[in-house]
Amino acid sequence: MPAITLPDGSVRRFDGAVTGTTVAAAIGPGLARAALAMKLDGKLVDLSTPIEHDSSLVFVTRKDEAALEMIRHDAAHVLAEAVQALFPGTQVTIGPSIENGFYYDFARNEPFTPEDFPAIEAKMREIISRNAPFERSVIDREEGIAFFAAKGEKYKAELIQDLPKSETITLYKQGEWIDLCRGPHMRGTGDVGNAFKLMKVAGAYWRGDHRNAMLSRIYGTAWRDQKELDAYLHMLEEAERRDHRRIGKDMGLFHMQEEAAGSIFWHPKGWKLYRAAEDYMRRRLDEGGYQEVKTPQLVDRALWEASGHWEKFREHMFIASVEDEDKLLALKPMNCPCHVQIFRQGIRSYRELPLRMAEFGACHRYEPSGALHGIMRVRAFTQDDAHIFCTEDQIASETVRFVALLSSVYADFGFPTFRVKFSDRPATRAGSNETWDKAEGALREACATAGVEYELNPGEGAFYGPKLEFVLRDAIGRDWQCGTLQVDFVLPERLDAEYVGEDGARHRPVMLHRAILGSFERFLGILIEQYAGRFPLWLAPVQAAVATIVSDADDYAREVARRMQAAGLSVKLDLSNQKINAKVREHSLQHVPVIAVVGRKEAEQGTVALRRLGGEAQELLPLDEAIRGLAEEATPPDLRRAKTSP
RNA sequence: GCCGACGUAGCUCAGUGGUAGAGCAACUGAUUCGUAAUCAGUAGGUCGUCAGUUCAAUCCUGACCGUCGGCACCA
């Protein structure tokens, strides 16, 4: 006699065991139609699950977020059935729902191509229109293994093999097709609906391990209805327009070419942007108590051997040599060993700690070819790197200080929010458990003090210490680690850094490796996408275009441009004999934030007509006033703060 | 690195086993015009590189380089 409590607080009693289906039907035909699954005592389960005890019950309908995930998961099953129907001999492996959709990994000698999609999609629609119910059954472990092995599904058999002994092994049957699955599922294949689309094929390693076989993965997207699907596809198109590679080309910011794969040719406009960011960072670091240094690009292998990089990182290092000398030099992949060398010069006192050593350090890493991505993942990049030499007791306060600086920098660049990951001790690590306890504790405490919320990234810390990763998202929805803070007990030891303490004895400092932008290249890539090339004035490579309407205004336009430049603005003078419409269009496409239009009227009055990018309004201002306003607006945020708060 | 796709003019792209086209951009000329494309003309390409097949390859095959999408990697 289960009593079922519904979300509105009402209680319904039934004689004997019931299922979600019968409860929904008892409540009303509308709900019976809409209910796809249910949350039984908070746990998402099939609607057909028997309810034997008193429970709380919430029905899941298409409106719920949980439904979206089920649609995607069920779509993956439908995809798998379709593929096996069309391509006999293909083995199924796993197929989860993911952000925006789903995928399914298949084992097949010949990989799929996008040309296969129309046939697969048609078969999927057929399966969906059949609306076969998803039927759950429990199977004995050994039987399950035998069942899939007999079908030639060795991946499924392996999956069961590796499930914990305590796990109940369940199968889901849709029509004649059966898959190993934990569930839950909706009522039947028809609940998937038709708002789905296969998106791309890709290779993926079995169980994500590159030593395993390469499977053939099909990605799809699925939504509640056509409107949502269309909106998603539209969003993808929009994202493509923001892609930094596209904008970088269109605006002439940089280019890359095959003779220097993974390195960037910065063009004048792109370099202007780069320098605006660098100048800004330099001021923030100066103000933040950092000392800037510059260390060598080429360093003898002896130092890399001492630091441990030669052993652990060598395949990622560019090695250089000269004919006359029997030496091997490496282009530095990191700055830390060099910074320790500076620290080691002379005798350091505890009074100097925390010592914050910063460098815009140009590094080279031989990244795998498949990892390269625009200017976000390159082989030559410049980190806004710094190492803070401090005592263990200073870790927490330095972290708080760093997070405050990082938040302020991100906010100034237009990123009010960001994600933080906390990576704690990995399985293989250096240092004692006590040391790790201390380091992780200090980081946690610092996060609490700084009000930073993080997600735990268990076991993903560096071998030398725990770390915080600060993650920003690009236009296509990919996450990129930019900032980082890593606690390191190992390198000071290996490279023999020490200071004289208050007690007169020698001690090891702790090193905090930290970066805010991460690399200028990656950060600028994300910045370009964040603004879609429409930068605020302080970052815009060309801040204003001065465009004439008639050639009679040329002399005055030159004067306008000259005076704007004198005020520190970056100006493009356009005296070409095109119509003003064409000029406005051209500079707008180049994302120039301000167009100063001058014609006869402005020349006579000593004014300019300002037009903002994307807007239609014109603002007619006396030249002096216009320049004052623009110069003020072009002031970087940190300098503006310095001005207003004496 | 692995799986797949792709590489044609500065850009976006079309095209064919018989050595290539469009639009925009560029250049020249005309036009002097009030806020997102004025008109006309000219020039521009070893069809990613190297091999192979063929009487003949941009097209077919192979290798390599690079780019793109994933996977793995990102100390």
Side-chain angles (χ1 to χ4, degrees), chain A residues 103 105 108 110-115 199-219 240 243 245-246 249-250 252 255-262 307-309 311-317 333-334 336 365-374 376-378 423 426 428 460-465 467 469 476 478 480-481 484 486 488 490-491 513 518-519 522 545 547-554 575-590 595-602 609-620:
Chain A
Y103 68 77
D105 284 347
R108 179 172 182 245
E110 197 174 323
F112 300 101
T113 76
E115 278 96 79
M199 300 297 282
K200 54 198 176 195
V201 290
Y205 298 106
W206 168 236
R207 298 196 153 171
D209 189 328
H210 66 96
R211 289 165 302 193
N212 290 342
M214 174 72 63
L215 305 172
S216 189
R217 174 174 298 179
I218 296 178
Y219 280 96
E240 216 168 299
D243 192 310
R245 294 166 294 193
R246 154 112 264 123
K249 192 176 267 181
D250 289 348
H255 88 271
M256 303 176 86
Q257 65 186 50
E258 87 180 71
E259 288 83 351
S307 69
H309 288 95
E311 187 200 344
K312 285 201 180 292
F313 205 69
R314 190 174 167 190
E315 73 259 32
H316 296 292
M317 289 165 73
M334 299 172 198
C336 16
R365 295 181 193 174
Y366 185 74
E367 300 286 1
S369 55
L372 300 179
H373 177 86
M376 308 267 222
R377 184 85 181 265
V378 288
S423 300
T428 49
E460 292 295 316
F463 76 95
Y464 49 72
K467 62 182 178 185
E469 292 169 32
I476 317 172
R478 281 184 279 217
W480 295 93
Q481 182 194 311
T484 184
Q486 310 178 3
D488 182 359
V490 174
L491 205 59
H513 306 244
S519 88
R522 173 175 296 181
T548 51
I549 292 171
V550 290
S551 50
D552 288 352
D554 284 4
L575 302 180
S576 64
N577 63 348
Q578 293 183 93
K579 284 187 175 177
I580 192 62
N581 286 301
K583 296 189 187 186
V584 165
R585 177 178 154 82
E586 189 175 316
H587 299 301
S588 297
L589 288 174
Q590 285 293 305
I595 302 176
V597 175
V598 295
R600 276 199 197 88
K601 191 173 76 186
E602 287 76 11
L610 298 188
R611 180 200 163 102
R612 297 289 170 156
L613 177 58
E616 286 181 5
Q618 302 165 40
E619 199 183 4
L620 190 67

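Throughout, protein chains are lettered first and strands after them, A, B, ... in sequence-line order, and every chain is numbered starting at 1.
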### Message
As a test of reading the structure: which of B:rG66, B:rG69, B:rG70 is closest to the side chain of A:Ala261, going by heavy atoms?
### Response
B:rG66
### Task
Specify the separation, in whole Å, of atom CZ of A:Arg211 and atom P of B:rC71.
18 Å
### Query
With a 4.0 Å cut-off on heavy atoms, is A:Tyr103 in touch with a base, just the backbone sugar-phosphate, or nothing at all?
nothing
### Query
Hey, does the side-chain of A:Tyr205 have a donor or acceptor N/O within less than 3.5 Å of a partner on the base of B:rG1?
yes
### Query
Atom CD of A:Glu259 to atom C1' of B:rC64: distance rounded to whole Å?
14 Å
### Message
Counting the atoms with a prime plus P, OP1 and OP2 as sugar-phosphate, which does A:Ala202 contact under 4.0 Å by heavy atoms, base, sugar-phosphate, or nothing?
### Response
base
### Task
Round to the nearest Å and state the distance from A:Gln257 atom CD to B:rU67 atom C1'.
13 Å
### Query
B:rC64 and B:rA72: how far apart are their P atoms, nearest whole angstrom?
24 Å
### Query
Given B:rC73, B:rA72, B:rG66, which nucleotide is nearest the side-chain atoms of A:Glu258?
B:rG66
### Query
Taking the side chain of A:Pro368 as heavy atoms from C-beta outward, which of B:rG70, B:rC73, B:rU12 is closest to it?
B:rC73
### Task
Give one of base, sugar-phosphate or nothing for A:Gly461, where a contact means two heavy atoms less than 4.0 Å apart.
nothing
### Message
Going by ring pair (Phe, Tyr, Trp, His ring centres under 6.0 Å), name the residues that satisfy it together with A:His255, two or more places apart in sequence or in a different chain.
### Response
A:Phe265, A:His267
### Task
May I ask you to say what A:Gly208 touches in the nucleic acid, namely base, sugar-phosphate or nothing, with a heavy-atom cut-off under 4.0 Å?
sugar-phosphate
### Query
Is the base of B:rC73 touched by the side chain of A:Arg377 through a donor-acceptor pair closer than 3.5 angstrom?
yes
### Query
Given side chains that start at C-beta, do those of A:Glu460 and A:Lys467 come closer than 4.5 Å, heavy atoms only?
no
## Note on the structure
d(A:Tyr103 OH, A:Ile218 CD1) to nearest 0.5 Å is 13.0 Å
### Task
Determine the interplanar angle of the A:His513 and A:Tyr464 rings, folded into 0 to 90°, and report it as parallel if under 30°, tilted if 30 to 60°, perpendicular if over 60°.
parallel
### Query
Is the side chain of A:Arg600 donor-acceptor paired with the backbone N or O of A:Ile549 at a distance under 3.5 Å, no angle test?
no
### Query
Once you round it to whole Å, what is the distance between P of B:rA72 and CG of A:Leu215?
11 Å
### Query
To the nearest Å, how far apart are A:Met256 CE and B:rC65 C1'?
15 Å
#### Entry: Length of the NE2-P vector between A:His513 and B:rC74, whole Å
16 Å
### Residue whose closest nucleotide on RNA chain B lies nearer the 5' end, A:Tyr366 versus A:Arg207
A:Tyr366
### C1' atoms of B:rA56 and B:rA9, separation to the nearest Å
25 Å
### Message
Side chain of A:Arg245 only, heavy atoms from C-beta on: which candidate in B:rG4, B:rC68, B:rC74 is closest?
### Response
B:rC68
### Message
Counting C-beta onward and ignoring hydrogens, is there a side-chain heavy-atom pair between A:Ser588 and A:Leu613 closer than 4.5 Å?
### Response
yes
#### Entry: Nearest-neighbour nucleotide for the A:Arg217 side chain, B:rC74, B:rA72, B:rC71 considered
B:rC71
### Message
Between B:rU58 and B:rC47, how far apart are the two P atoms, rounded to whole Å?
### Response
6 Å
### Query
Expressed as a whole number of Å, how far does the C1' atom of B:rC65 sit from that of B:rU53?
23 Å
### Query
With respect to the phosphate group of B:rG69, does any side-chain polar atom (N or O) of A:His373 fall under 4.0 Å of OP1 or OP2?
yes
#### Entry: Check: A:Asp250 and A:Leu589 side chains under 4.5 Å, non-hydrogen atoms
no
### Task
Pick the P atom in B:rG23 and in B:rG29, then give their distance to the nearest Å.
22 Å
### Query
Is atom CD of A:Glu110 surrounded by more than 12 heavy atoms (other residues, nucleotides or ligands) closer than 6.0 Å?
no
### Separation of B:rC74 P from A:Lys312 NZ (nearest whole Å)
12 Å
### Message
Parallel, tilted or perpendicular: which one describes the rings of A:Phe313 and A:His309, with boundaries at 30° and 60°?
### Response
perpendicular
### Task
Can you tell me, in whole Å, how much space there is between the P of B:rU28 and that of B:rU35?
28 Å
### Task
Nearest whole angstrom, please: distance from the C1' of B:rA5 to the CE of A:Met199.
15 Å
### 5' priority, RNA chain B, between A:Ser216 and A:Glu367 [closest heavy atom]
A:Ser216
### Message
Could you check whether any side-chain N or O of A:Arg522 sits under 3.5 Å from a backbone N or O of A:Met376, counting only pairs where one atom can act as donor and the other as acceptor?
### Response
yes
### Query
For atom P, what is the distance between B:rG10 and B:rU49, given to the nearest Å?
13 Å
### Message
Quick check for you: among B:rU12, B:rU67, B:rC71, whose closest atom lies nearest to any side-chain atom of A:Lys249?
### Response
B:rU12
### Phosphate contact (B:rU32 OP1 or OP2) by A:Ser551 side-chain N/O below 4.0 Å
no
### Query
Do A:Arg207 and A:Asp209 meet the salt-bridge criterion of a basic N to acidic O distance under 4.0 Å?
no
### Query
Under 4.0 angstrom, heavy atoms only, what part of the nucleic acid is A:Phe112 near: base, sugar-phosphate, or nothing?
nothing
### Message
I'd like the C1' distance from B:rG45 over to B:rA22, given in whole Å.
### Response
14 Å
### Matching residue for A:Val597 among A:Ile580, A:Thr548, A:Leu620 - test: side chain to side chain contact (heavy atoms under 4.5 Å, CB included)
A:Ile580
### Task
Would you write the dot-bracket representation of RNA chain B, where each base gets (, ), [, ], | or . depending on whether it forms a Watson-Crick or G-U pair under 3.5 Å and with which partner?
(((((((..((((....[..)))).(((((.......))))).....(((((..]....))))))))))))....
### Summary
Letter by letter from the 5' end, nucleotides 34-43 of chain B scores (B base, S sugar-phosphate only, - none; protein heavy atoms under 4.0 Å) BBBBS-----
